[in-house]
2 protein chains.
Amino acid sequence: MPNGRRQILSFLLPGDVLTGSLFQGPLQFSVKALTAIQISTMKREEIDARVAVNLRILWAAAECCADEARAADETIAALGQFSAEERIAHLFLQLMKRIASRNVIRDERYRLPLRQQHIADAVGLTPVHVSRVLSSFRERRVADLSNGVLEVFDLRELQRLGALN
Amino acid sequence: MPNGRRQILSFLLPGDVLTGSLFQGPLQFSVKALTAIQISTMKREEIDARVAVNLRILWAAAECCADEARAADETIAALGQFSAEERIAHLFLQLMKRIASRNVIRDERYRLPLRQQHIADAVGLTPVHVSRVLSSFRERRVADLSNGVLEVFDLRELQRLGALN
DNA sequence: CGACCCTTTGACGAGCTTCAATACGCGTGG
DNA sequence: CCACGCGTATTGAAGCTCGTCAAAGGGTCG
């Protein structure tokens with residue numbers, strides 16, 4: 001951003017689709033990999049050709065885009081109305097839900113290759129304050145994020161803090 | 001929201017399309033009119049029928065949805081990284097741009113039927129603080145919002161505060 | 001072993017919220 | 001016509017959350 005700060009709009013998980021450049025011009029944001037990745041791309045012409053054959057593809061892409069919009073709305077609500085603790089709890093819940101829908105989770109432990117700086121840029125706080133909140137979570141036995149692993153001890157409390165409805 | 005607060009996700013202007021329920025189930029939010037309005041709705045079956053005839057309609061709907069997502073991303077960035085002044089400036093600029101693309105604006109005066117409470121709920125501040133910021137804008141001869149009219153005196157300064165790129 | 005990155009912690013300050021009082025415009029009813 | 005109530009905006013004082021600055025610790029890799 002112009003002021004030198006960074007806003008992380010969302011975290012892509014393995015298998016996620018990036019529709020950003022499908023329905024509009026160039027991306028308004030950049031994408032950065034936190035892990036080793038594999039990407040599949042599709043050229044416009046190929047998409048047009050496939051859509052011509054099977055209309056459902058276009059519906060699916062649109063739905064995917066709509067899901068992005070819905071997630072963005074949730075983020076807006078969290079950033080606008082939540083305190084630091086609640087925002088971080090909300091981010092955790094979002095990521096957990098998405099990871100859980102892909103993998104089988106055992107023991108409420110989630111692999112998250114995130115630095116505190118990433119969390120800070122995603123929820124609009126300073127890394128220093130993120131550290132404080134995480135320490136508090138740890139101390140209160142709510143959750144613990146260290147060494148790239150998020151461990152949830154008290155899911156209820158986390159939901160009480162960061163759930164939107 | 002659960003805590004009794006409200007987040008305004010966006011302001012719809014005359015002619016805006018609400019694609020919310022097109023590509024996903026029930027709306028995750030509610031819609032409230034600030035003025036007298038007229039709505040045109042279209043049933044699913046009718047949409048499907050029209051899409052079958054002309055594919056471009058689906059593309060247009062998807063593009064519309066993608067625009068929403070892009071606007072949401074901007075809002076996320078503003079809420080996450082901007083101060084109170086900057087967020088309000090950004091909201092003004094967004095609204096001005098959208099209004100200007102519809103109407104012809106003379107004299108940098110925009111009709112906005114917004115209470116300070118609406119602004120507060122849109123940018124995640126308290127009405128009290130919104131009042132302070134608006135007073136400051138007025139005093140510094142940047143802009144003046146009163147009686148439902150936004151008047152911009154110093155567009156440059158407003159952009160310096162609230163522009164994203 | 002030393003350099004570097006990340007995290008933690010403390011002290012202090014700024015920005016925003018909260019609480020409360022006041023003022024203003026507007027419609028209603030006496 | 002004024003009195004009253006209601007919603008909205010303004011302003012001040014006090015307090016809390018979060019940011020900033022700075023220092024120190026720990027892990028990892030050369």
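All chains are named by letter (A, B, ...) in the order of the sequence lines, taking the proteins before the strands, and each is independently numbered beginning at 1. Reckoned from all heavy atoms, side chains included, excluding hydrogens, waters and symmetry mates.
Put simply, CZ on R115(A) is 11 Å from C1' on dG27(D), counting in whole angstrom units. H118(A) has its NE2 atom 14 Å from the C1' atom of dT7(C), to the nearest Å. The separation between Q81(A) atom CD and dC16(C) atom P is 15 Å, rounded to whole Å. Put simply, CD on Q117(A) is 12 Å from P on dG19(D), counting in whole angstrom units. Atom CG of L161(A) and atom P of dT17(D) are 14 Å apart (whole Å). Between the C1' atom of dT8(D) and the CG atom of L134(B) lies a distance of 13 Å, rounded to the nearest Å. Taking atom CD1 of residue I88(B) and atom P of nucleotide dG15(C), one finds them 15 Å apart after rounding to whole Å. One interatomic measurement links the two molecules: CG of L145(A) to C1' of dT8(C), which rounds to 14 Å at whole-angstrom precision.
Set against dC18(D), dG12(D), dA9(D), the side chain of R132(B) has dG12(D) as its closest nucleotide. Set against dC16(C), dC18(D), dA9(D), the side chain of H129(A) has dC18(D) as its closest nucleotide. Comparing dT18(C), dC18(D), dC16(C) against the side chain of L125(A) picks out dC18(D) as the nearest. Picking from dC16(C), dT18(C), dG19(D) the nucleotide with the shortest atom distance to the side chain of A84(B) gives dC16(C). Taking only side-chain atoms of Q116(B), from C-beta outward, the nucleotide of dT8(C), dT18(C), dA9(D) with the closest atom is dA9(D). Closest to the side chain of V128(B), from the set dG19(D), dT11(D), dA9(D), is dT11(D).
At least one donor-acceptor pair under 3.5 Å links the side chain of N54(B) to the backbone N or O of R56(B). S131(A) contributes no side-chain N or O that, together with a main-chain N or O of P127(A), makes up a donor-acceptor pair within less than 3.5 Å.
Checked for salt-bridge contact, D154(B) and R160(B) miss the test: no charged N lies under 4.0 Å from a carboxylate O. Electrostatic pairing of E46(A) and R50(A) counts as a salt bridge here, judged by a charged N lying under 4.0 Å from a carboxylate O.
Between dT11(D) and S131(B), no contact under 4.0 Å exists linking OP1 or OP2 to a side-chain N or O. Residue T126(A) places none of its side-chain N or O atoms closer than 4.0 Å to OP1 or OP2 of dC18(D).
Residue contacts shown for S146(B) are absent, as no nucleic acid heavy atom lies under 4.0 Å away. Contact annotation for R87(B): no contact, since no heavy-atom pair falls under 4.0 Å across all strands. As judged by a 4.0 angstrom heavy-atom cut-off over every strand, G148(A) is placed among residues making no nucleic acid contact.
Partner D121(A) forms a side chain to side chain donor-acceptor pair (under 3.5 Å) with one of Q7(A), R6(A), Q116(A), R115(A) and no other, that one being R6(A).
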